[in-house]
Student: 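Provided herewith is a single structure, encoded as structure tokens, for subsequent inquiry.
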Amino acid sequence: MRRIPLEGREVGEWFRLRGWTVEQSDAATAHAFIDEAVVADVAVRRVWHTALALSRSPRMPDETASGRDEPTDTLVVHVAGRGIIRVGDDPEAPLAPNDVLLVPRGTAVSYRSSEPIARIEIDHGARDRAADAFHANGELVSVAMITSAVNALFHAHDQQRGGGG
């Protein structure tokens with residue numbers, strides 16, 4: 001489990017290492033705070049960052065040597081702030097607090113916000129496509145259930161370490 005405070009160019013580098021491009025020219029003034037826990041092929045993150053425009057290109061099947069992590073399906077719970085997202089060839093859509101979406105592995109996605117935002121990301125990287133069951137019958141688990149579980153995970157870690165991060 002890690003707590004990661006980032007400033008300026010560190011923000012763009014952190015996203016770049018995860019396959020994202022920070023598109024804004026003022027990324028040098030960006031700030032981000034990330035709590036991250038990784039167990040096996042599942043990563044859980046609480047992400048907060050200042051206004052940014054991010055994009056991830058579609059991933060080609062042989063694109064594992066580029067420094068990008070293995071492909072994952074990502075469940076996103078938008079917690080605070082407003083943004084715009086585009087997944088694959090779908091039209092742009094607004095993101096508001098409590099919106100939940102699934103971004104399938106290998107899919108192009110772009111995201112932009114003109115204000116600070118917070119979200120929860122859960123990456124599932126099962127190679128056997130068990131992640132097809134990441135959501136059932138087209139319905140995702142409730143926002144309250146997801147945020148409560150993620151916050152409990154990080155809170156339990158803080159308590160175990162004596163209340164600090």
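We use all heavy atoms of the structure for the numbers below, so side chains are in, but hydrogens, waters and symmetry mates are not. Quantities reported herein were computed from a predicted structural model and do not represent experimental measurements.
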Student: How about Asp89: does its CG atom have over 12 heavy atoms from other parts shown lying under 6.0 Å from it?
Tutor: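 No - once you tally the heavy atoms of other residues, nucleotides and ligands closer than 6.0 Å, there are 12 at most.
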Student: First locate atom CZ of Arg56, then atom OG1 of Thr21, and finally report the distance between them rounded to the nearest 0.5 Å.
Tutor: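 It comes to 11.0 Å.
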Student: Picking from Leu101, Val76, Leu102, what satisfies side chain to side chain contact (heavy atoms under 4.5 Å, CB included) with Val87?
Tutor: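 Looking at Leu101, Val76, Leu102, the match for Val87 under the side chain to side chain contact (heavy atoms under 4.5 Å, CB included) is Leu101.
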Student: In the hydrophobic clustering (ILVMFWY, side-chain contacts below 4.5 Å, transitive), which residues join Phe33, or is it alone?
Tutor: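 Traced through the cluster, Phe33 reaches Trp48.
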Student: Tell me yes or no: between the side chains of Glu121 and Thr74, is some donor less than 3.5 Å from an acceptor?
Tutor: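 No pair is found: no donor N or O on one side chain lies under 3.5 Å from an acceptor on the other.
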Student: If you measure from CZ on Arg45 to CG on Asp123, what distance do you get to the nearest 0.5 Å?
Tutor: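 Interatomic distance, Arg45 CZ to Asp123 CG, rounded to 0.5 Å: 4.5 Å.
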Student: Are the side chains of Leu95 and Arg119 in contact, using a 4.5 Å heavy-atom criterion?
Tutor: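 The answer is no; the side chains never approach within 4.5 Å.
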Student: Any chain of hydrophobic side-chain contacts (each under 4.5 Å) joining Val47 to Ile84?
Tutor: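 No, Val47 and Ile84 fall in different hydrophobic clusters.
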Student: As an exercise, state the distance from NE2 of His31 to CD of Glu7, rounded to the nearest 0.5 Å.
Tutor: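 Going from NE2 on His31 over to CD on Glu7, the span is 4.0 Å.
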Student: Short question: side chain of Ser113, backbone of Glu115 - any donor-acceptor pair under 3.5 Å?
Tutor: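 Looks like yes, one N/O pair under 3.5 Å.
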Student: With Val79 as reference, evaluate Asn98, Val150, Ile120 under the side chain to side chain contact (heavy atoms under 4.5 Å, CB included) test and give the passing residue.
Tutor: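 Considering Asn98, Val150, Ile120, a side chain to side chain contact (heavy atoms under 4.5 Å, CB included) with Val79 is found only for Ile120.
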Student: May I ask you to decide if the ring planes of His49 and Phe15 are parallel, tilted or perpendicular, using 30° and 60° as cut-offs?
Tutor: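 Answer is perpendicular, since the angle exceeds 60°.
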Student: Quick check for you: to the nearest 0.5 Å, what is the distance between Glu92 atom CD and Ser110 atom OG?
Tutor: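 Reported to 0.5 Å precision, the distance equals 6.0 Å.
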Student: Just jot down the salt bridge (charged side-chain N to carboxylate O under 4.0 Å, His left out) partners of Glu13, sequence neighbours excluded, or say none.
Tutor: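 Partners of Glu13 by the salt bridge (charged side-chain N to carboxylate O under 4.0 Å, His left out) criterion, ordered by chain and then number, come out as Arg16.
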Student: State plainly whether one hydrophobic cluster holds both Val77 and Val42, where clusters connect Ile, Leu, Val, Met, Phe, Trp and Tyr through side-chain heavy atoms under 4.5 angstrom apart.
Tutor: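 Yes: a chain of side-chain contacts under 4.5 Å links Val77 to Val42.
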Student: From Arg9 CZ over to Thr29 OG1, what is the distance, rounded to the nearest 0.5 angstrom?
Tutor: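 OG1 of Thr29 is found 10.0 Å from CZ of Arg9.
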Student: Quick check: closest heavy atoms across Pro58 and Ala108, and the distance to 0.1 Å?
Tutor: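 Where Pro58 meets Ala108 most closely, the heavy atoms are CD-CB, 3.5 Å.
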Student: Between Pro97 and Arg82, what is the shortest heavy-atom contact and its length?
Tutor: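 Smallest interatomic distance, heavy atoms only, reads CD-NH1, 4.0 Å.
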Student: Evaluate the criterion side chain to side chain contact (heavy atoms under 4.5 Å, CB included) for residue pair Val11 and Leu52; output intermediate values, then yes/no.
Tutor: CA-CA 10 Å; Val11 175; Leu52 287 175; 3.9 Å; yes
Student: Exactly one of Ile85, Val100, Ile117 should register a side chain to side chain contact (heavy atoms under 4.5 Å, CB included) with His78. Which one does?
Tutor: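 That would be Ile117; it is the only one of Ile85, Val100, Ile117 passing the side chain to side chain contact (heavy atoms under 4.5 Å, CB included) with His78.
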